[in-house]
Peer 1: 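Have a look at the structure that comes next, please.
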Number of protein chains: 2
Amino acid sequence: MTEQPAQTTTAGDPATARGEQTRQLIRDTAMRLFRERGYAQTTMRAIAQEAGVAVGNAYYYFGSKDHLIQEFYAQSQVEHRAAAQPVLDREEAFGPRLAGVLHAGIDVLTPSHGFAATFFKTAAEPTSPLSPFSAESSGPRQAAIDLFGEVLTGSTAKVDAELRPQLPELLWLAYMGVILYWVHDRSPGQTKTRQLIDGAVPLIDRLVVLSRLRVLRPVTRQVLDLIRTLRH
Amino acid sequence: MTEQPAQTTTAGDPATARGEQTRQLIRDTAMRLFRERGYAQTTMRAIAQEAGVAVGNAYYYFGSKDHLIQEFYAQSQVEHRAAAQPVLDREEAFGPRLAGVLHAGIDVLTPSHGFAATFFKTAAEPTSPLSPFSAESSGPRQAAIDLFGEVLTGSTAKVDAELRPQLPELLWLAYMGVILYWVHDRSPGQTKTRQLIDGAVPLIDRLVVLSRLRVLRPVTRQVLDLIRTLRH
DNA sequence: GTCGGTAGTTGAACACGTTCAAGAAGGGCG
DNA sequence: CGCCCTTCTTGAACGTGTTCAACTACCGAC
């Protein structure tokens, strides 16, 4: 309905633009304040003041307060990738690889649990460019899906040929589910989310293995057909 | 309807309080404007003006603009229950009962797809009393879970004894998943959501039946243990 | 050097959700 | 009726995210 005007995101533009320093300053200040005070308690005026710029200047670089969240996403995704590297180097079996990558994701997010939880609502809004399903966040999303592709590629697991191309996205979807649980997880240290990962991974592992069985072939195909249909 | 018997003891019954009329007026006006203009485009000032009251008066009855959404939830739940009745009367098999109740839920929500989608973000915030998992919405939630209990109770399906007590809540969770998909569903008439229901129900049906197999007993138990652990 | 255009920066102004001190309306009781 | 207490109602005022017309800094062209 209400189409946003084309945002000058400077996709492949030179990062040497004059304002790049200011952009990073504002972003870093915002991230710090989000962590210190939480998302709702951090006002745009406070961000601007702490960064030593005018309020409007922040809006020159970031379309809205919500857009600062997307910056957080991108940053988290990069950290997740880095944190997952040792696991991908070390493990060979599918299960441990998946578990390791999932745990790495939660590891990265844990310091931000307090404020991440409060802003994940914005991510759930379908019309928002912040939705993990939106076109605007297709960059970080694809990177995340690729990460789960690596979980698969490097593993010794044998996967049904038809399932294989769909699996990375399905694993990413499972990861989204883990995050949804984590966001609501009030157990100390979010230990329950850890239990969810450790409990769900063997089940997923078994499911992937079972999908190759001839007896279950019709079901596998049925599921895959449904998924293909539902894809946007 | 407007006539009421002599009210002698108004001990703890706020339903007969003086302002009940005003409360309903504000609620109905808000619902109408939400449908007409969408959630974000409907201001509290507009609601108050259309209802012919002061802004602060709306806040006397509803703690915030978001709280008006909860009113929408409760109303939708009641309509869902009513719309599901014919299905529960007619169908006996588990699959058709489940499919019918799921379709009934979407039927009820369909007229509000435009604005429901934009406010579902608020429901996703864990700290908000509007979260479907929160204590504040335990009333409508329990009613919804009970509805899926009826899907099971009235059916001819034989369910694993250990799974049975967990199943209503699991089905409700699946329903939440359907709604999450529906919210993001941009296909005309949300036909894809209908396909999701029709595709997923047979799978759930088969899964429930399979859970009784001796071979799968360990897996069933493993899943149930995990679920019990993760429960809040 | 200075001119002109782009990139960057400013802060007052706007609309919104929300709060709150003050008042009005009702009803029980003498 | 007059009094008091609770329930309800008011609208100005506050802090917020966001916008925008005006302004400044920079840089290449001549």
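Letters go in sequence order (proteins before strands), and every chain restarts at 1. These numbers were taken from a predicted model, which means no experiment stands behind them.
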Peer 1: Angle between ring planes, A/Phe115 versus A/Phe72, binned at 30° and 60°: parallel, tilted or perpendicular?
Peer 2: perpendicular
Peer 1: Does any part of the side chain of B/Gln190, heavy atoms only, come nearer than 4.5 Å to the side chain of B/Ile106, both counted from C-beta?
Peer 2: no
Peer 1: For the pair made of CZ in B/Phe62 and P in D/dT9, what is the distance, rounded to whole Å?
Peer 2: 12 Å
Peer 1: Please determine whether a side-chain nitrogen or oxygen atom of B/Tyr60 lies at a distance below 4.0 Å from atom OP1 or OP2 of D/dT9.
Peer 2: no
Peer 1: Please give, in whole Å, the distance from D/dG15 C1' to A/Gln49 CD?
Peer 2: 14 Å
Peer 1: I'd like to know if the side chain of B/Ser64 pairs up with that of B/His67 as donor and acceptor (distance under 3.5 Å, no hydrogens or angles considered).
Peer 2: yes
Peer 1: Can you tell me how far C1' of D/dT16 sits from CD1 of A/Ile47, to the nearest Å?
Peer 2: 12 Å
Peer 1: Would B/Arg81 and B/Gln77 count as having a side-chain donor-acceptor pair, cut-off 3.5 Å?
Peer 2: no
Peer 1: Return the value, rounded to whole Å, for the distance between atom CZ of B/Arg23 and atom P of D/dT7.
Peer 2: 15 Å
Peer 1: Do B/Val101 and B/Leu171 have side chains that get closer than 4.5 Å, going by heavy atoms?
Peer 2: no
Peer 1: Quick check: do A/Met176 and A/Arg141 have side-chain heavy atoms less than 4.5 Å from each other?
Peer 2: no
Peer 1: Between D/dT24 atom C1' and A/Asn57 atom CG, what is the distance in whole Å?
Peer 2: 12 Å
Peer 1: Can a side-chain donor-acceptor contact be found between B/Gln70 and B/Asp66 if the only test is distance below 3.5 angstrom?
Peer 2: no
Peer 1: Strictly under 4.0 angstrom, non-hydrogen atoms only: write out the protein contact profile of nucleotides 14-19 of chain C, one letter per nucleotide from the 5' end, B, S or -.
Peer 2: --BBBB
Peer 1: For D/dT9, take OP1 and OP2 only and decide whether either is under 4.0 Å from a side-chain N or O of B/Thr22.
Peer 2: yes
Peer 1: Can you pull every protein N or O that's under 3.5 Å from an N or O on nucleotides 21-23 of chain D?
Peer 2:
none

Peer 1: Whether B/Arg23 engages the ring of B/Phe62 as a cation-pi pair (distance to the six-membered ring centre under 6.0 angstrom, angle to the ring normal within 45°) should be assessed.
Peer 2: yes
Peer 1: Answer with base, sugar-phosphate or nothing: what part of the nucleic acid does B/Tyr61 contact at a heavy-atom distance below 4.0 Å?
Peer 2: sugar-phosphate
Peer 1: Measure up the B/Phe148 and B/Tyr175 rings against each other and bin them: parallel (under 30°), tilted (30 to 60°), perpendicular (over 60°).
Peer 2: tilted
